[in-house]
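The next block holds one structure in the form of structure tokens; read it before the comments.
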Protein chains: 2
Amino acid sequence: MEARRHPTIRDVATRAGVSKSLVSLALQGSSRVSETSREAILAAADELGYRPNASARNLGSARSRTIGIFLLDLHNPITADFVDAVRAEARARDYRTILVVGSDDAAAEYAELEKLLEFRVEGMIALGHRLPVRARRVISAGFPAIIVSSEHPRVPHLASIANDDVAGAQMAVDHLVGLGHRRIAHVTGGSNAVAQRRQAGYEAAMRRHRLARQIRCHVGAFSDVGGHAGMLDALSRRPRPTAVFVCSDFAAVGAMAAATQLGLRIPEDLSIIGYDGTNLSALPTLGLSTIAQPIAGMGTLATQLLAAHLDDGLPPPRSTLVEPQLVARSTTSAPPRPG
Amino acid sequence: MEARRHPTIRDVATRAGVSKSLVSLALQGSSRVSETSREAILAAADELGYRPNASARNLGSARSRTIGIFLLDLHNPITADFVDAVRAEARARDYRTILVVGSDDAAAEYAELEKLLEFRVEGMIALGHRLPVRARRVISAGFPAIIVSSEHPRVPHLASIANDDVAGAQMAVDHLVGLGHRRIAHVTGGSNAVAQRRQAGYEAAMRRHRLARQIRCHVGAFSDVGGHAGMLDALSRRPRPTAVFVCSDFAAVGAMAAATQLGLRIPEDLSIIGYDGTNLSALPTLGLSTIAQPIAGMGTLATQLLAAHLDDGLPPPRSTLVEPQLVARSTTSAPPRPG
DNA sequence: CCGTAGTGTTGGACCGTTCCAATAGCGTGA
DNA sequence: TCACGCTATTGGAACGGTCCAACACTACGG
């Protein structure tokens with residue numbers, strides 16, 4: 001309780017018998033400090049349990065070497081992978097990070113953003129499709145920011161990194177066609193931009209494989225309930241599809257349940273492939289084939305671009321697409337009867 | 001790029017035609033500032049886009065009004081609920097929060113802890129069963145901290161909040177017995193303390209229901225693979241159990257797969273109940289009955305205790321147990337044949 | 001023997017706040 | 001009219017670092 005004052009750089013200096021300036025230099029790892037002094041200083045710091053005060057450091061120096069991570073949804077499992085990647089890369093480049101989480105409550109979300117600015121972060125990396133209005137204003141005013149998202153919001157000075165949804169959807173279709181499927185249906189994710197791009201990729205690939213007449217889109221959603229409904233619709237048509245590309249992993253879980261309820265075995269009677277590569281799909285008991293977004297890679301890339309901008313003044317590219325990856329597991333196989 | 005200097009309190013003062021001290025007072029909401037001055041100051045601050053500098057504020061005042069949240073695993077879905085609860089409560093009490101995440105890499109984890117201390121957080125709330133050695137040392141030295149975990153680590157000055165695993169396990173058994181089951185097996189989580197308490201609760205409840213001779217423990221783990229193995233073991237005995245209490249939700253998913261593979265229908269042939277109340281269990285396609293830890297409540301309580309300690313000097317209770325809750329879904333029902 | 005370059009070290013200004021003691025202005029009762 | 005108390009306001013000293021210009025000391029070439 002009685003938290004006695006933290007030792008300061010001056011306490012260390014007194015103990016080591018040098019000036020505070022030399023302590024500062026030594027702790028920064030300057031090469032102009034003699035071996036003798038350095039050792040004495042480090043020893044003194046250790047004995048006193050000295051810990052630098054981040055506030056004082058940030059005040060005194062022009063740069064905070066801190067970047068803010070703005071997250072939309074802590075519940076989404078890909079968030080964790082993303083954060084891990086950003087943090088690792090930031091650490092490697094000697095930046096520290098502050099995490100901040102959006103919220104349904106606009107006031108709370110704004111408070112979080114304020115916090116980022118009050119801590120004088122040098123730049124920000126955001127994950128998610130949405131960006132608070134005030135954030136847009138700050139970014140437009142020249143605050144360095146990179147958004148990792150499928151959308152590219154029309155905000156001046158904002159760079160974006162996105163997964164190539166169109167290409168990913170095509171990979172899903174290519175995979176199914178490669179297994180021998182022809183009647184391939186698609187359960188969509190609704191009318192948002194992401195869902196539309198995935199649908200466009202599906203349709204383009206089908207046409208490319210000369211399967212334009214087999215194109216069947218069934219309205220669903222990114223939730224498991226939506227996938228369930230979309231799948232029931234898909235399976236009500238005759239002849240039934242032998243494979244279904246579902247808009248997301250979460251929706252695919254619902255879709256699998258629907259197929260199982262109708263007595264279909266997966267993958268013997270019906271192949272199913274999802275999208276996102278969440279760790280939900282990796283559950284051994286599900287074994288869902290999916291198109292994985294390289295979320296960690298996107299985090300790393302975002303950090304590299306931001307750091308390059310801050311350190312060398314390189315302007316980050318306005319918009320970058322990264323390639324998704326096919327992960328074939330046990331929900332896709334050859335169709336029941338060839339053809 | 002050309003980030004022109006941030007406006008400071010002095011810029012605001014000049015513009016409003018008052019002294020910097022008065023600006024400081026006004027922005028803190030002091031009642032000793034005249035209405036006229038206050039309005040002029042707020043207007044000037046707004047026009048300049050003034051934003052307080054958190055570093056300077058923390059340097060100048062004795063207290064940072066910031067508490068650190070130390071997380072072990074961002075991937076665990078309960079983490080998000082916990083963070084939400086802590087943040088909401090902290091905000092209500094006018095504390096800000098900094099998130100910090102542990103890591104498998106000890107050096108990285110230590111760096112995160114350092115960061116917390118460098119930002120001079122006033123206290124810390126940790127979620128998880130493990131605490132870095134250095135953290136224990138800092139806490140023992142008097143740093144206010146509360147851990148939310150099933151363990152109570154033997155660290156001086158550390159308060160803990162835990163879910164009552166023993167009571168929770170008993171609730172699971174009571175539920176099954178109430179449905180008419182008598183041959184109730186348990187898939188354990190191994191030899192750690194949490195698993196042992198859940199097992200102890202299971203055995204105590206069985207004895208209380210005069211079912212001591214039906215006690216069957218099958219070694220598993222907290223993973224889905226572990227649950228799968230434990231369940232296979234449980235189902236290899238004759239007569240088969242009619243219900244199984246599995247140590248965790250994640251393990252229960254594996255256990256369900258094992259039962260299904262053996263051709264058993266859930267819940268018609270076999271009832272299964274998990275533990276934790278993760279949102280995994282809430283998936284409509286699983287509908288897993290479970291014992292939910294009131295994780296949000298634990299986060300709120302931890303924050304209240306810590307704030308009370310910091311504000312009023314109340315010492316938090318060394319150790320608090322909170323009651324879990326039964327969530328009955330669709331994996332539990334009456335046994336095939338009564339008795 | 002002296003100017004010079006390089007190395008190691010130092011004091012002090014400064015960063016943007018908070019906090020405190022001091023003060024100016026003003027009505028008020030003796 | 002003046003000491004008094006009250007309110008609104010002020011300047012300046014912290015806070016704990018970084019950074020810079022200046023300095024002492026040594027080594028060295030001319």
Side-chain angles (χ1 to χ4, degrees), chain A residues 3-42 44-45 48-66 94 96 114-115 117-120 122, chain B residues 3-42 44-45 48-66 94 96 114-115 117-120 122:
Chain A
R4 68 216 171 302
R5 236 183 74 266
H6 290 277
T8 78
I9 203 177
R10 284 168 226 266
D11 300 326
V12 176
T14 307
R15 175 155 197 144
V18 296
S19 74
K20 66 168 185 24
S21 303
L22 197 61
V23 174
S24 176
L25 283 178
L27 293 179
Q28 287 173 67
S30 161
S31 60
R32 314 177 59 97
V33 180
S34 71
E35 218 27 60
T36 332
S37 306
R38 180 187 312 284
E39 281 168 18
I41 290 168
L42 292 183
L48 291 175
Y50 168 79
R51 229 170 279 285
N53 182 322
S55 297
R57 180 191 304 133
N58 290 346
L59 237 201
S61 75
R63 302 193 45 188
S64 65
R65 295 209 72 81
T66 303
D94 195 26
R96 64 183 69 220
E114 271 302 66
K115 184 163 72 183
L117 297 172
E118 290 184 12
F119 274 108
R120 294 291 189 267
E122 297 187 26
Chain B
R4 70 218 169 299
R5 236 184 73 268
H6 291 276
T8 77
I9 204 176
R10 281 170 229 268
D11 299 326
V12 176
T14 308
R15 175 151 198 148
V18 296
S19 74
K20 64 168 188 22
S21 303
L22 197 60
V23 173
S24 175
L25 283 177
L27 293 178
Q28 288 172 67
S30 160
S31 60
R32 314 179 58 97
V33 179
S34 71
E35 220 25 65
T36 334
S37 305
R38 181 189 310 286
E39 278 169 19
I41 289 168
L42 292 183
L48 291 175
Y50 167 79
R51 227 172 281 284
N53 182 321
S55 297
R57 179 190 303 136
N58 290 345
L59 236 202
S61 75
R63 302 193 45 185
S64 65
R65 294 210 71 83
T66 304
D94 195 25
R96 63 182 71 221
E114 274 298 69
K115 184 162 74 184
L117 298 173
E118 289 183 12
F119 274 106
R120 294 291 188 267
E122 297 188 26

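Here is how names work: the chains are called A, B, and so on, in the same order as the sequence lines, proteins then strands, and each is numbered from 1.
When side chains are defined from C-beta on, B:Y50 does not count as touching B:R15, because their heavy atoms never get closer than 4.5 Å. You'll find the side chain of A:N58 stays beyond 4.5 Å of the side chain of A:R120, heavy atoms only. Within the 4.5 Å cutoff, no side-chain heavy atoms of B:P52 are placed close to those of B:L27. Using a 4.5 Å heavy-atom cutoff, the side chains of A:K20 and A:S24 are not in contact.
Atoms OG and CG, from B:S31 and B:L25 in turn, are 9.5 Å apart once rounded to the nearest 0.5 Å.
Among the protein residues, B:S34 comes within range of the sugar-phosphate backbone only, with heavy atoms under 4.0 Å from sugar or phosphate atoms but none that close to a base. A:T8 comes within 4.0 angstrom of sugar-phosphate atoms only, judged by non-hydrogen atoms across all strands, and of no base. Counting non-hydrogen atoms under 4.0 angstrom, A:S55 reaches nothing in the nucleic acid.
Separating the CG atom of A:L59 from the C1' atom of D:dG17 is a distance of 8 Å, rounded to the nearest angstrom. Atom CD1 in B:I9 sits roughly 13 Å away from atom C1' in C:dC15 (whole-Å rounding). Straight-line distance from the CD atom of A:E35 to the P atom of C:dT7: 15 Å, rounded to whole Å. Taking atom CG of B:N58 as the reference point, atom P of C:dC15 lies 19 Å away to the nearest angstrom. Atoms NZ (A:K20) and C1' (C:dT9) sit 11 Å apart, rounded to a whole Å. The distance between atom CG of A:L27 and atom P of D:dG16, rounded to the nearest whole Å, is 15 Å. As a whole-Å value, the separation of B:L22 CG from C:dC20 P is 17 Å. For A:E118 and C:dT18, the CD to P distance is 10 Å, given to the nearest whole Å.
Closest to the side chain of A:R32, from the set C:dG11, C:dT7, D:dT9, is C:dT7. Checking C:dG16, C:dG11, D:dG11 against the side-chain heavy atoms of B:S21 singles out D:dG11 as nearest.
Nearest-nucleotide positions on DNA chain C for A:R10 and A:V18 put A:V18 closer to the 5' end. For B:S19 and A:R57, each mapped to the nucleotide of DNA chain D holding its nearest heavy atom, the one lying further toward the 5' end belongs to B:S19. A residue-by-residue look at A:S61 and B:L25 shows that B:L25 has its nearest nucleotide of DNA chain D further toward the 5' end.
The base of D:dG17 is not paired with the side chain of A:S24 by any donor and acceptor separated by under 3.5 Å.
Note on A:S37: a side-chain N or O is less than 4.0 Å away from OP1 or OP2 of C:dT9. At the phosphate of D:dG17, neither OP1 nor OP2 sits under 4.0 Å from any side-chain N or O atom of A:Q28.
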